[in-house]
Amino acid sequence: MKAEILSHLNLTGPYYKLKLYSPHIYKNAMPGQFAMLRVGETSDPLLRRPFSIHKKNPDKTIEILYKIVGKGTRLLSTLVKGKDMDIIGPLGNGFVIDKKIKNHILIAGGIGIAPLLFLAHELSRDKRSRITLFLGARHKEDILCIQNFKRLKARINISTEDGSLGKQGLISELFEVSLADLNEQKIAVYSCGPNNMLREIHRLAAAKGLPCQVSLEARMGCGIGACLGCVVEGKEGYEKVCTDGPVFDAGEVEWGRL
Amino acid sequence: MKAEILSHLNLTGPYYKLKLYSPHIYKNAMPGQFAMLRVGETSDPLLRRPFSIHKKNPDKTIEILYKIVGKGTRLLSTLVKGKDMDIIGPLGNGFVIDKKIKNHILIAGGIGIAPLLFLAHELSRDKRSRITLFLGARHKEDILCIQNFKRLKARINISTEDGSLGKQGLISELFEVSLADLNEQKIAVYSCGPNNMLREIHRLAAAKGLPCQVSLEARMGCGIGACLGCVVEGKEGYEKVCTDGPVFDAGEVEWGRL
Amino acid sequence: MGEVIKGSRVRGQRVRKTEIKPDLSVNIAGIEMKNPVMTASGTFGYGIEYAPYIDLNRLGAIVLKGLSARPRKGNPPPRICETPSGMLNAIGLENIGAEAFIKEKLPLLRKYDTKIILNIFGDSIPEYVEVAEILDKVDGITGLEINISCPNVQKGGMVFGTDPVTASEVLTAVRNATSLPLIAKLSPNVTDITTFAKIAEDSGCNAVSLINTLLGMAVDIRTRRPMLANITGGLSGPAIKPVALRMVWQASKAVKIPVIGIGGIMTADDAIEFLLVGARAVQIGTANFVNPTATVDIIEGIEKYLTKNNLSDINQIIGRVVI
Amino acid sequence: MGEVIKGSRVRGQRVRKTEIKPDLSVNIAGIEMKNPVMTASGTFGYGIEYAPYIDLNRLGAIVLKGLSARPRKGNPPPRICETPSGMLNAIGLENIGAEAFIKEKLPLLRKYDTKIILNIFGDSIPEYVEVAEILDKVDGITGLEINISCPNVQKGGMVFGTDPVTASEVLTAVRNATSLPLIAKLSPNVTDITTFAKIAEDSGCNAVSLINTLLGMAVDIRTRRPMLANITGGLSGPAIKPVALRMVWQASKAVKIPVIGIGGIMTADDAIEFLLVGARAVQIGTANFVNPTATVDIIEGIEKYLTKNNLSDINQIIGRVVI
Ligand SMILES: Cc1cc2nc3c(=O)[nH]c(=O)nc-3n(C[C@H](O)[C@H](O)[C@H](O)COP(=O)(O)OP(=O)(O)OC[C@H]3O[C@@H](n4cnc5c(N)ncnc54)[C@H](O)[C@@H]3O)c2cc1C
Ligand SMILES: Cc1cc2nc3c(=O)[nH]c(=O)nc-3n(C[C@H](O)[C@H](O)[C@H](O)COP(=O)(O)OP(=O)(O)OC[C@H]3O[C@@H](n4cnc5c(N)ncnc54)[C@H](O)[C@@H]3O)c2cc1C
Ligand SMILES: Cc1cc2nc3c(=O)[nH]c(=O)nc-3n(C[C@H](O)[C@H](O)[C@H](O)COP(=O)(O)O)c2cc1C
Ligand SMILES: Cc1cc2nc3c(=O)[nH]c(=O)nc-3n(C[C@H](O)[C@H](O)[C@H](O)COP(=O)(O)O)c2cc1C
Ligand code: FES
Ligand code: FES
């Protein structure tokens, strides 16, 4: 599929936001789903790269928020406005929203914020939703999307490893502290970030009996369930991150094998 | 070597002009020499691509005139102003200018015009030089640089295969006709274009006893004489196009093997 | 593929060119295919995965993920990694097993008008025979492709397809176990591919397909660990195309049975190279990941190439490299 | 490589960090090299070609274009073509011959403070012996690398390096003809690279280097001719890196003599992968074409990697892949 690049902005440091005109993805995407982007035209890099749907806009555009980490994302960042992006999506299973739950805790590590903004937008369509965001990163430059969450009236908790913004420490620690005062039962946790963080969030949520969904990453060959390249170990054998996930119920994941 | 891209224009159809800031090449380049450009950052395409120096400007810039013919040139055409070009040059042996000769016939086929403009500029530094250009191509859109040659007061002969500009036919035919009326002896011929054309130009010039230099093309690995990939058969064995050429005395080339 | 009158009613224009659609059909190993474009095992899942992207009816044949007699869990992750113009995989032949395939997947495939070819493997000769027997005479299965790039557990893990004796044994055993058209899929990790092509021919196989992946490796210098949990994996994609093309050329000259070309085919141009050096069909692997419509794009591209060159039949390019 | 006090006088800054430069020196086959970065034969001409681009003194060793006893004209053009992340070459071993090399080229190289290693080949065992004898005890030559990826004209053109018997014969014959350190350069076009690494070890070679190019092919679909006049050629460049790395890993485990890793090394990261899987040195080939300063960039990159990881000696990464 082709989708015109309507804008391509360098936010701060290695972070970029890409806006694409894609009525198809706009119409079908659910929070937590992703798309496979072709970042170059030659055979190096060869494979598509997976990126979460970060945002949908009424003008039938979608946004991708990404960080340059290697060859593919570096090349992606050179694509200019006006060009067509080669994209497949939406793919995978997104977050499951339980309509009965009104209290939502979203926990992101670094670029893991990308799918959670879309989720927050979706959750906030229910006016009774209360959204709490926990966002952790290394430095304050890695803290993204705060304005967007403020607009959604989310309660925001921030931590950075170097203390340059918010509380110093890991976001899971901040989450743990907040759990201590928690009495409310009808809460759902949604998280995206590095595996070590997710493991910890799962442990904390499970201890409190809170439902917890995590969005996992894996190297992907096809993104559509054909190559079996992206598996993670689940309680009942290997699960494909691309079609069984990327969002999993945290309880289904074999955390020891991740 | 890095050279900033100062401008990058699409002329007509597949033709582009690239202007680079390169004091080093500006200072050292002679007409007929070339440079090796890295057209992408990943390993596909892998090898550099050779391009003639098309023009030097007093502001220490050089120009490359090129045509999109494949993967590498297509990628090259996407590089934008402000970026650095990775370039090695000047390379090879350029045209030899015999100071005693004042009559110069330059014959180009299509994009073969690229090195000849630089040559014409160099020749015209001698105010007594008379430059005659023969320029042939398929269609009128493939006829480039006419204005530049006019400014140098060159006599201009054009042919196109479809007759859309100038005489219909091959440029070698036009050259042949003009040779018929030729009495002058002190004439040098310089040519660049497809091998079949060069072979014919050589034949015609040799029949009249005119010195003739040709600029040859070959697939190149290194451009500096290290890989032995670019050879053509010469009268005394293989010659490297990159370091023995790209400009050869037409009499040295084994035309039957080209 | 009869004649198609093209353009005659397009927007009521005056252009009324009669264009003859070239005949792309080929017969491989007794299997009549609409065109020479097949999918490569392990890169097209169980077929259905690609139904949202292309019309499966357009394919010459579909070759599915390798099946064994019993389900296999496969290797632990990470299972893949990218390399320059290629990728390494060590999926470990994960599959649902032949019985489950027949029950769960085959019914979904039967409705398509294309040939279904099953890629099979085992850890031992009896296992190869077992899976061949399970699949023999099942409705909807047109042929078998035997993957011999598997370690022979009974012989200390030596790969069947790199030893002439074991290769011959396993191919003969499977040949005797089924009456289906049989394609031997050769391993490229050998000194002389023609030896193995001839062994396949002598064992009664109806065709050979090549190449399977080249054995490769990559290391993450940050963690100092191999990029794949399995340490080594199979290299596929454009990187291997020159090696594949050379082997297909050699094999085509060495045997009379049809050769199916595989390895790094991304575009119609790539496919045509393989046909020119003697392949009677091609399989598209890694390209499906990069471009889910690759197979259909390639079919259309081959058609265009023939039309442009005024050729009416795909056979007019097969083996016609000018040496 | 002793300690270097860095930054102490830089612009008179207060930063006065004492940085210990890691020791990159290695000993291969009795050849003491400043660092493990060598050039690969045939990609660095006769050395001098690169003098305008890099300081040749910085290289661990220079391996030059393959030499035969007599000059060779090489193959007709076209001799090279590009492939995805790689290139094919069929230069045909063009060279000026050993005698002319000693007279015309060697004097220019002697002034550099680096090791000069000559790559040699022949069409027959006597020719291999002849060139080895010509080069033996010539001042300025530190070692020989035997290219066994050549067709044995006396035995119907079969490549020396793909047959265990001939490989052993030619290596033993050369071993007896010279007292110089001897490196056997292995062909990757074999089923089992360890067989050949062991043969080299048993024949008395002091090291093995691998891989030479993979045999490949490409066709121009417009002309329907092979892209190379020689039809097939050797594939090099990043495309082959995974195969090379796997073979270097296998060979390192199989023999005690040092292994030199070659194949698609473009960056320091690539070189480090080879060192991690067991290579004690690396050769840089095709990368020189793409980036004439590749060798020096790689030396600097390895140094940085060691410093960043608080390692003082290159030996602390050699063979240290974590399995
Ligand atoms: C479902 C899903 C959604 C994602 N959403 C986003 C997003 O919204 N924003 C964002 O910035 N990133 C996202 N990622 C991660 C993104 O795909 C990788 O950062 C990108 O593929 C790296 O490509 P590269 O060529 O730059 O890096 P490489 O040079 O290929 O590798 C650099 C690092 O990235 C890792 N990596 C490489 N390929 C992948 C891959 N396919 N999946 C995961 N990690 C990989 C490597 O292991 C390595 O550590 C997502 C990943 C998945 C699986
Ligand atoms: C000394 C020299 C000077 C040149 N000057 C110019 C110039 O000023 N302007 C210009 O437009 N072109 C010039 N060329 C040709 C230019 O190098 C090729 O057009 C370019 O390399 C093609 O790259 P590609 O990837 O787009 O094409 P590819 O996809 O690689 O190939 C397309 C076509 O170009 C041919 N080709 C590929 N590589 C080379 C190569 N290295 N040399 C020659 N032909 C090749 C192929 O055989 C094929 O026919 C010159 C070539 C040489 C040798
Ligand atoms: C992820 C993946 C899984 C594969 N699984 C199988 C398999 O199960 N059986 C088999 O015979 N070949 C398998 N192959 C090999 C392909 O069928 C094909 O031979 C190889 O990838 C080369 O073709 P390509 O370069 O077009 O991908 C697999 C390849 C890949 C990339
Ligand atoms: C143009 C070219 C010429 C080569 N000539 C020789 C040679 O004369 N002798 C030899 O042993 N190897 C030769 N090689 C092989 C290289 O030394 C090296 O083994 C191979 O290219 C793989 O390394 P690379 O991928 O870094 O290039 C040549 C390679 C190329 C590309
Ligand atoms: S990425 Fe291919 S199966 Fe998930
Ligand atoms: S291009 Fe390498 S020798 Fe001429």
Interatomic distance, C/I284 atom CD1 to C/I262 atom CD1 [nearest 0.5 angstrom]: 9.5 Å
Find the N and O donor-acceptor pairs between chain D and chain C that sit under 3.5 Å apart.
| unit_1 | atom_1 | unit_2 | atom_2 | d |
| --- | --- | --- | --- | --- |
| D/S85 | OG | C/S85 | OG | 2.4 |
| D/T191 | N | C/T191 | OG1 | 3.0 |
| D/T191 | OG1 | C/T191 | N | 3.0 |
| D/T191 | OG1 | C/T191 | OG1 | 3.2 |
| D/L215 | O | C/R246 | NE | 2.9 |
| D/L215 | O | C/R246 | NH2 | 3.1 |
| D/M217 | N | C/P242 | O | 2.9 |
| D/V219 | N | C/E273 | OE1 | 2.7 |
| D/I221 | O | C/Y305 | OH | 2.5 |
| D/R224 | O | C/V322 | N | 2.7 |
| D/R224 | NE | C/Y305 | OH | 3.3 |
| D/P242 | O | C/M217 | N | 3.0 |
| D/R246 | NE | C/L215 | O | 2.9 |
| D/R246 | NH2 | C/L215 | O | 3.1 |
| D/E273 | OE1 | C/V219 | N | 2.7 |
| D/Y305 | OH | C/I221 | O | 2.6 |
| D/Y305 | OH | C/R224 | NE | 3.2 |
| D/V322 | N | C/R224 | O | 2.7 |

Selection from C/I240, C/V159, C/V248, C/L235 maximising heavy-atom pairs under 4.5 Å formed with chain D: C/L235
Atom group of D/V277 that falls short of 4.5 Å from chain C, counting heavy atoms: side chain
ring-ring contact (aromatic ring centres under 6.0 Å, His included) partners for C/F196, two or more places apart: none
Distance in Å, D/I211 CD1 paired with D/L186 CG, rounded so as to fall on 0.5 Å steps: 10.0 Å
Test side chain to side chain contact (heavy atoms under 4.5 Å, CB included) applied to C/F121 and C/I146, step by step: CA-CA 6 Å; C/F121 72 94; C/I146 320 171; over 6 Å; no
Stepwise side chain to side chain contact (heavy atoms under 4.5 Å, CB included) check, C/V37 with C/V296: CA-CA 8 Å; C/V37 178; C/V296 170; over 6 Å; no
Spacing of D/L275 atom CG and D/I317 atom CD1 [to the nearest 0.5 Å]: 4.5 Å
Which atoms of D/L215 approach chain C - backbone, side chain, both or neither, heavy atom under 4.5 Å: both
Heavy-atom side-chain contact between D/I265 and D/F274 under 4.5 Å: yes
Spacing of CE belonging to C/M217 relative to SG belonging to C/C81, to within rounding of 0.5 Å: 10.5 Å
Heavy-atom pairs under 4.5 Å with chain D, option from C/P84, C/P242, C/G264 with the top count: C/P242
Chain C contact via D/I231 - which portion, at a heavy-atom distance below 4.5 Å: side chain
Heavy-atom proximity to chain D below 4.5 Å, by part of C/I221: both
C/V282/C/I260 under side chain to side chain contact (heavy atoms under 4.5 Å, CB included): CA gap, chis, key distance, verdict: CA-CA 5 Å; C/V282 291; C/I260 301 169; 5.7 Å; no
